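Report on one structure; see the data block that follows.
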Amino acid sequence: MKLDEIEFEDDAFRAAVLATGETEAESVTVIRCRKQKIGSARGIEHLPNLKVLDLTRNRLSSLDLSGNTRLQQLFVGNNQLEELDLSALPELEGLEIFMNEISEIDLADNARLEVLYANGNDLDVLDLRNNRSLCDIQLSDNRLRELKLAAGLAPESLSARNNRFSEEAKAELRSALEGCQLSL
């Protein structure tokens, strides 16, 4: 499909896609469009080979990535997202969702995830038991009471300041993550 045949809902997003220099939808692998006041990424479903998507600091309140199964890096920090379905992204390795309004996220299908930046959301409980490859985890400024980690997980760093962990939960994390640069 030709890029100029796709009906994009948002003109700024359309411009960012066309700025890749590609003419065929199947050829687009990277889109970087920070601070473009993008309110919708509708039309992205026509870009099946997308590997890197950077929509940081825009105005997104929803994002459907079910058609982008090859996505490896997703940067959607500082938007207005309340939910995000990542179940169709088995190749996802890097995820930045900081400063949104996300209260829960299911990362069970993202076993390759290595980097997670989710500071400044409304997360209460987070289950990372299927994410054995995580090496950098940023979860500060949420509402976390509970953080479930994969047995034997040895991330390089985990920052989870300004949450609602009990002293017992903090002690369990410290014990489980000996050797990790830990900030609670």
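Here the structure is a predicted model, which is why all the values come from computation and not from measurement.
Under a hydrophobic-cluster definition in which Ile, Leu, Val, Met, Phe, Trp and Tyr are linked whenever side-chain heavy atoms come within less than 4.5 Å, directly or via other members, Ile31 and Leu60 are assigned to the same cluster. Ile44 and Val28 fall within the same hydrophobic cluster, defined by Ile, Leu, Val, Met, Phe, Trp and Tyr side-chain heavy atoms under 4.5 Å apart, directly or through other members. Hydrophobic clustering (side-chain heavy atoms under 4.5 Å, transitive across Ile, Leu, Val, Met, Phe, Trp, Tyr) groups Leu153 together with Leu128. Leu173 and Ile137 fall within a single hydrophobic cluster, where Ile, Leu, Val, Met, Phe, Trp and Tyr side chains are chained together by heavy-atom contacts under 4.5 Å. Leu50 and Leu18 fall within the same hydrophobic cluster, where Ile, Leu, Val, Met, Phe, Trp and Tyr residues are linked whenever their side-chain heavy atoms come under 4.5 Å apart, directly or through other members.
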Q.
Please determine whether side chain to side chain contact (heavy atoms under 4.5 Å, CB included) holds for the pair Glu24 and Met1, giving the CA-CA distance in whole Å, both sets of side-chain angles, and the decisive distance to 0.1 Å.
A. CA-CA 6 Å; Glu24 299 291 329; Met1 172 181 264; 5.6 Å; no
**Q.** Candidate pair Leu144 and Val125, rule side chain to side chain contact (heavy atoms under 4.5 Å, CB included), full reasoning
**A.** CA-CA 5 Å; Leu144 286 171; Val125 173; 5.6 Å; no
(Q) Test side chain to side chain contact (heavy atoms under 4.5 Å, CB included) on Thr20 and Leu3; report intermediate values, then the result. (A) CA-CA 10 Å; Thr20 64; Leu3 283 180; 4.3 Å; yes
Q.
With side chain to side chain contact (heavy atoms under 4.5 Å, CB included) as the criterion, how do Ile97 and Phe75 come out once you've worked through the C-alpha distance, each side chain's angles and the decisive distance to 0.1 Å?
A. CA-CA 7 Å; Ile97 56 172; Phe75 308 98; over 6 Å; no
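The ring of Phe98 has its center no closer than 6.0 angstrom to the ring center of Tyr117.
Interatomic distance, Glu91 CD to Asn110 CG, rounded to the nearest 0.5 Å: 11.0 Å. Rounding to the nearest 0.5 Å gives a distance of 7.5 Å between CG of Asn78 and CG of Asn100. Separation of atoms CZ (Phe165) and CD (Glu146) is listed at 9.0 Å; rounding is to 0.5 Å. Summarising the geometry, atom CG belonging to Asp4 is positioned 8.5 Å from atom OG1 belonging to Thr23; distances are rounded to the nearest 0.5 Å. Note: Glu7 CD to Arg42 CZ = 11.5 Å, rounded to the nearest 0.5 Å. Put simply, CG on Leu84 and CG on Leu74 are 6.0 Å apart, with the number rounded to the nearest 0.5 Å.
Between the side chain of Glu172 and the backbone N or O of Lys170 there is no donor-acceptor pair closer than 3.5 Å. In this structure, the side chain of Asn119 engages the main chain of Ser140 through a donor-acceptor pair within 3.5 Å. Of the possible polar contacts, one joining the Asn58 side chain to the Cys33 backbone as a donor-acceptor pair under 3.5 Å is found. The main-chain N or O of Val115 is never found under 3.5 Å from a side-chain atom of Asp136 such that the two would form a donor-acceptor pair. Side-chain atoms of Asn142 come within 3.5 Å of backbone N or O of Leu123 as a donor-acceptor pair. Within the 3.5 Å criterion, the main-chain N or O of Gly39 finds a donor-acceptor partner in the side chain of Asp10. No donor-acceptor distance shorter than 3.5 angstrom exists from the side chain of Asn130 to the backbone of Ala111, with no hydrogens or angles considered.
Shown here is Glu104, whose CD atom has no more than 12 heavy atoms of other residues, nucleotides or ligands within 6.0 Å. For Glu168, the CD atom is loosely surrounded, since the number of other residues' heavy atoms within 6.0 Å does not exceed 12. Counting non-hydrogen atoms of neighbouring residues, nucleotides and ligands closer than 6.0 angstrom, the CD atom of Gln80 exceeds 12 such neighbours.
Of the residues Arg143, Arg164, Arg145, the one that meets the side-chain hydrogen bond (donor to acceptor under 3.5 Å, both in side chains) test with Asp124 is Arg145.
Here the side chains of Leu89 and Leu65 are in contact, with some heavy-atom distance below 4.5 Å. Put simply, the side chain of Ile6 reaches to within 4.5 Å of the side chain of Leu47, judged on heavy atoms. A heavy-atom distance below 4.5 Å is found between the side chains of Leu139 and Leu126. Using a 4.5 Å heavy-atom threshold, the side chains of Leu147 and Leu149 count as touching. Contact check for Val30 versus Asp54: no side-chain heavy atoms found under the 4.5 Å cut-off. The shortest side-chain heavy-atom distance between Ile102 and Glu82 does not fall under the 4.5 Å cut-off. Using a 4.5 Å heavy-atom threshold, the side chains of Leu86 and Asp109 count as separate. The side-chain heavy atoms of Leu55 and Leu63, taken from C-beta on, include a pair separated by under 4.5 Å.
The minimum heavy-atom distance between Ser66 and Asp64, with the atom names listed, is OG-OD1, 2.7 Å.
By the 4.0 Å N-to-carboxylate-O rule, Arg129 lies close enough to Asp127 to be salt-bridged with it.
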Compile the donor-acceptor pairs under 3.5 Å between side chains in residues 177-184 and protein atoms, sequence neighbours left out, one pair per line.
{"unit_1": "Ser183", "atom_1": "OG", "unit_2": "Arg161", "atom_2": "NH1", "d": "3.2"}

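Asn162 and Asp141 are linked by a side-chain donor-acceptor pair at a separation below 3.5 angstrom, with hydrogens and angles left out of the test.
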